[in-house]
**Student:** 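A single structure is presented below for examination.
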Number of protein chains: 2
Amino acid sequence: MALRHAVLAALLSGEYSGYQLAKAFDVGVANFWYAQPQQLYLELTKLEKDGLISGRQVVQEARPNKRLFTVTEAGKVELARFATADCKPSFIRDDLLVKVQAVDHIDAAPVIAQLDDRAAAAAAKIEFLDRLLRQLRGDLDEETFLRRGEPLGPYLTCLRGRQFEQEHHTWCVRAATVLRDRAKNRSS
Amino acid sequence: MALRHAVLAALLSGEYSGYQLAKAFDVGVANFWYAQPQQLYLELTKLEKDGLISGRQVVQEARPNKRLFTVTEAGKVELARFATADCKPSFIRDDLLVKVQAVDHIDAAPVIAQLDDRAAAAAAKIEFLDRLLRQLRGDLDEETFLRRGEPLGPYLTCLRGRQFEQEHHTWCVRAATVLRDRAKNRSS
DNA sequence: AGAATCATGTAAGGGGTTACATGATTGA
DNA sequence: TCAATCATGTAACCCCTTACATGATTCT
């Protein structure tokens with residue numbers, strides 16, 4: 001049971017439809033989890049069946065109807081229980097790192113290209129997260145918000161996400177530079 | 001096929017038995033992937049069957065016999081092919097972040113405790129990785145090693161792992177402090 | 001005497017990815 | 001007219017985790 005609690009936690013911020021959640025999880029607004037639309041629809045169905053969330057139908061004219069979900073009391077209890085259970089250590093699993101690990105034995109060119117792509121993607125996400133953070137904290141500065149702003153949880157996870165992207169970006173640029181310099185020296 | 005290439009990349013550094021690989025992957029020397037022993041044994045069997053690695057039996061007296069694996073030519077070709085294919089973006093999936101996301105709605109105490117644990121674990125891993133980095137670079141300083149040291153790949157992934165742990169540590173300490181301060185102010 | 005290390009596997013089940021399926025509206 | 005957005009699902013498959021299984025040696 002993994003995605004389960006991520007969805008519950010996400011739904012604490014308000015009512016969302018499957019589609020809206022999917023966007024958040026996919027684009028990566030979810031700085032605490034990632035999931036695909038299909039999995040979310042499935043999980044939402046299960047969560048509703050288990051009484052941890054409840055959905056209400058919203059009829060729309062111009063658009064297809066949608067169902068908005070809210071966390072029930074039972075859902076909050078389940079989250080509280082989950083919070084006391086101990087959790088697995090976080091770990092890295094990244095295709096690109098595998099490629100870099102092997103870079104002494106394979107052609108570096110495609111790896112460098114992908115490092116550049118990643119760096120660009122990370123930069124875009126950093127901008128996005130900065131906007132989101134500013135929005136979350138309103139007219140307070142960060143220190144003040146951390147002392148008494150609400151909601152704190154989403155702000156903290158967003159900070160972590162921002163930090164992660166920043167580091168990722170720095171590393172990609174560094175690695176690409178190192179690899180490019182070596183290629184240059186070898187050819188000269 | 002995900003673990004497959006991670007194992008291949010790991011085996012480029014030398015001959016390893018399933019058990020030795022498992023330790024590396026589990027303890028987290030693998031800064032590019034994580035896997036459990038059982039999965040590794042399974043994957044090694046498959047890789048050998050596919051001719052991407054070859055194992056040789058090593059008979060031992062005092063210890064059980066073991067099989068050491070090496071990447072074959074076919075394995076290197078497969079890795080090169082993998083390196084040119086485009087890869088999935090890396091993402092975060094962390095139970096603890098889910099708990100922090102929900103912290104406005106649940107008891108903060110257990111979350112704070114787990115943040116402390118994580119911070120301590122991260123600190124330990126940072127020390128470990130620092131030792132590993134020093135070992136990898138020998139008597140060269142970092143800049144020099146990055147310019148012409150070998151092997152470069154493992155050093156770069158290790159740097160990324162170190163950086164990740166560092167950030168993780170910083171964030172955990174920060175989040176725990178913020179949550180503790182709020183608990184204090186609320187009670188006073 | 002018990003725990004830890006070395007050493008390798010099998011089997012069941014759950015979680016996640018990919019592919020398939022549908023259909024109306026809006027903007028380029 | 002083509003792509004994108006809104007909106008929700010099903011089915012197959014693969015990957016990964018957890019639990020089970022064995023057994024000798026070394027250290028505390």
Side-chain angles (χ1 to χ4, degrees), chain A residues 1-8 15-28 30 33-50 53 55-69 82 85-95 98, chain B residues 1-8 15-28 30 33-50 53 55-69 82 85-95 98:
Chain A
M1 308 284 155
L3 176 60
R4 223 177 160 64
H5 302 103
V7 172
L8 280 175
E15 276 190 331
Y16 289 101
S17 68
Y19 187 80
Q20 288 172 302
L21 261 186
K23 280 208 117 179
F25 272 73
D26 192 41
V27 175
W33 207 265
Y34 161 88
Q36 290 173 316
Q38 291 81 354
Q39 212 186 335
L40 288 170
Y41 283 115
L42 207 75
E43 199 62 47
L44 286 169
T45 310
K46 281 191 215 162
L47 280 165
E48 196 184 22
K49 203 187 66 193
D50 295 347
I53 60 174
R56 65 181 184 89
Q57 186 84 3
V58 174
V59 181
Q60 301 181 120
E61 319 117 34
R63 308 234 150 261
N65 296 341
K66 60 182 175 183
R67 276 153 51 74
L68 296 179
F69 295 95
F82 169 68
D86 48 302
C87 54
K88 299 150 198 165
S90 73
F91 48 79
I92 295 180
R93 265 185 188 169
D94 188 344
D95 282 351
V98 173
Chain B
M1 308 284 158
L3 176 60
R4 221 178 163 64
H5 302 102
V7 172
L8 281 175
E15 276 190 331
Y16 289 102
S17 69
Y19 187 81
Q20 287 173 301
L21 261 187
K23 281 208 118 180
F25 272 73
D26 192 41
V27 175
W33 208 266
Y34 161 88
Q36 288 175 318
Q38 290 80 356
Q39 210 186 335
L40 287 170
Y41 282 116
L42 208 75
E43 199 63 46
L44 285 169
T45 310
K46 280 192 217 162
L47 280 166
E48 197 184 20
K49 203 187 66 195
D50 295 347
I53 60 173
R56 64 182 185 90
Q57 186 84 4
V58 174
V59 181
Q60 302 181 118
E61 319 115 36
R63 308 233 151 260
N65 295 341
K66 60 182 174 182
R67 277 153 51 74
L68 296 179
F69 296 94
F82 170 68
D86 47 302
C87 54
K88 300 149 197 165
S90 73
F91 49 79
I92 296 180
R93 265 187 187 168
D94 189 344
D95 282 353
V98 173

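Computed from heavy atoms alone, side chains included, the values below leave out hydrogens, waters and symmetry copies.
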**Student:** Nearest 0.5 angstrom please: Ile53(B) CD1 to Thr45(B) OG1, how far?
**Tutor:**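 Separation between the atoms: 8.0 Å.
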
**Student:** Provide, to the nearest angstrom, the distance between the CD atom belonging to Glu43(A) and the P atom belonging to dG15(C).
**Tutor:** 8 Å

**Student:** I need the CD-C1' distance between Glu61(A) and dA7(D), as an integer number of Å.
**Tutor:** 15 Å

**Student:** Please state how far atom NZ in Lys88(A) lies from atom P in dG15(C), giving the value in whole angstrom units.
**Tutor:** 9 Å

**Student:** How many angstroms lie between CG in Leu3(B) and CZ in Phe25(B), if you round to the nearest 0.5 Å?
**Tutor:**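 Answer for the CG-CZ pair, Leu3(B) versus Phe25(B), is 6.0 Å.
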
**Student:** Under 3.5 Å, which N/O atoms of the protein pair with N/O atoms of nucleotides 8-13 of chain D?
**Tutor:**
residue	atom	partner	partner atom	Å
dT8(D)	OP1	Arg67(A)	N	2.9
dT8(D)	OP2	Tyr19(A)	N	3.0
dT8(D)	OP2	Tyr41(A)	OH	3.3

**Student:** What is the distance from CG of Leu44(A) to P of dG15(C), rounded to the nearest Å?
**Tutor:** 15 Å

**Student:** Are OP1 or OP2 of dA7(D) and a side-chain N or O of Lys23(A) less than 4.0 angstrom apart?
**Tutor:**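 Answer no for this pair, as no side-chain N or O of Lys23(A) is under 4.0 Å from OP1 or OP2.
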
**Student:** Quick one: Tyr34(B) OH to dT18(D) P, roughly how many Å, whole number?
**Tutor:** 7 Å

**Student:** Output, in order, the C-alpha distance, side-chain angles, deciding distance and verdict of side chain to side chain contact (heavy atoms under 4.5 Å, CB included) for Val98(B) and Phe82(A).
**Tutor:** CA-CA 10 Å; Val98(B) 173; Phe82(A) 169 68; 3.8 Å; yes

**Student:** In whole angstrom, give the distance that lies between atom CG of Leu40(B) and atom C1' of dT17(D).
**Tutor:**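 To the nearest whole Å, that distance equals 13 Å.
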
**Student:** Rounded to the nearest 0.5 Å, how far does CG of Asp95(B) lie from NE2 of His5(A)?
**Tutor:** 8.5 Å

**Student:** Taking salt bridge (Lys or Arg N to Asp or Glu O under 4.0 Å) as the test, write out the residues that go with Asp94(A), two or more places apart.
**Tutor:**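 Arg118(A).
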
**Student:** Consider the side chain of Arg93(A), meaning its heavy atoms from C-beta on, and name the nucleotide among dT18(C), dT17(D), dA7(C) that approaches it most closely.
**Tutor:**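 Of all the options, the side chain of Arg93(A) is nearest to dT17(D).
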
**Student:** Kindly write out the residues that satisfy side-chain contact (heavy atoms from CB on, under 4.5 Å) with Phe91(B), not counting sequence neighbours, or none if the list is empty.
**Tutor:**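 In terms of side-chain contact (heavy atoms from CB on, under 4.5 Å), with neighbours along the sequence ignored, Phe91(B) is linked to Tyr34(A), Arg93(B).
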
**Student:** Among dC15(D), dT25(D), dT17(D), which is the nearest nucleotide to the side chain of Phe91(A)?
**Tutor:**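 It is dT17(D).
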
**Student:** How long is the line joining CZ of Phe25(B) and P of dT17(D), in whole Å?
**Tutor:** 12 Å

**Student:** DNA chain C: Ala2(A) or Pro64(A), which has the more 5' nearest nucleotide?
**Tutor:**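 Per heavy-atom nearest nucleotide, the more 5' residue is Ala2(A).
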
**Student:** For the atom pair CG (Leu44(B)) and CD (Gln39(B)), what is the distance rounded to the nearest 0.5 Å?
**Tutor:**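 So the gap between those two atoms works out to 11.0 Å.
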
**Student:** How sharply is the helix from dA1(C)-dT28(D) to dA28(C)-dT1(D) bent, taking the axes over five pairs at either end and rounding to 10 degrees?
**Tutor:**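 About 50° separates the two local helix axes.
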
**Student:** What pairs with Tyr19(B) under side-chain contact (heavy atoms from CB on, under 4.5 Å), at least two apart in sequence or on another chain?
**Tutor:**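 For Tyr19(B) the side-chain contact (heavy atoms from CB on, under 4.5 Å) partners, ignoring immediate neighbours, are Ser17(B), Lys23(B), Tyr41(B).
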
**Student:** Between dC6(D), dT18(D), dT17(C), which nucleotide has the shortest distance from any of its atoms to the side chain of Gln36(A)?
**Tutor:** dT17(C)

**Student:** Counting heavy atoms from C-beta on, name the nucleotide in dA7(D), dT17(D), dC6(C) closest to the side chain of Gln60(A).
**Tutor:** dA7(D)

**Student:** Could you give all pairs that pass the salt bridge (charged side-chain N to carboxylate O under 4.0 Å, His left out) test and reach residues 34-50 of chain A, with sequence neighbours left out?
**Tutor:**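 Output for this query lists Arg4(A)-Glu43(A), Arg4(A)-Asp50(A), Glu48(A)-Arg67(A).
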
**Student:** Rounding to a whole Å, what distance do you find between Gln39(A):CD and dA19(C):P?
**Tutor:**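 For the pair Gln39(A) CD and dA19(C) P, the rounded distance is 16 Å.
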
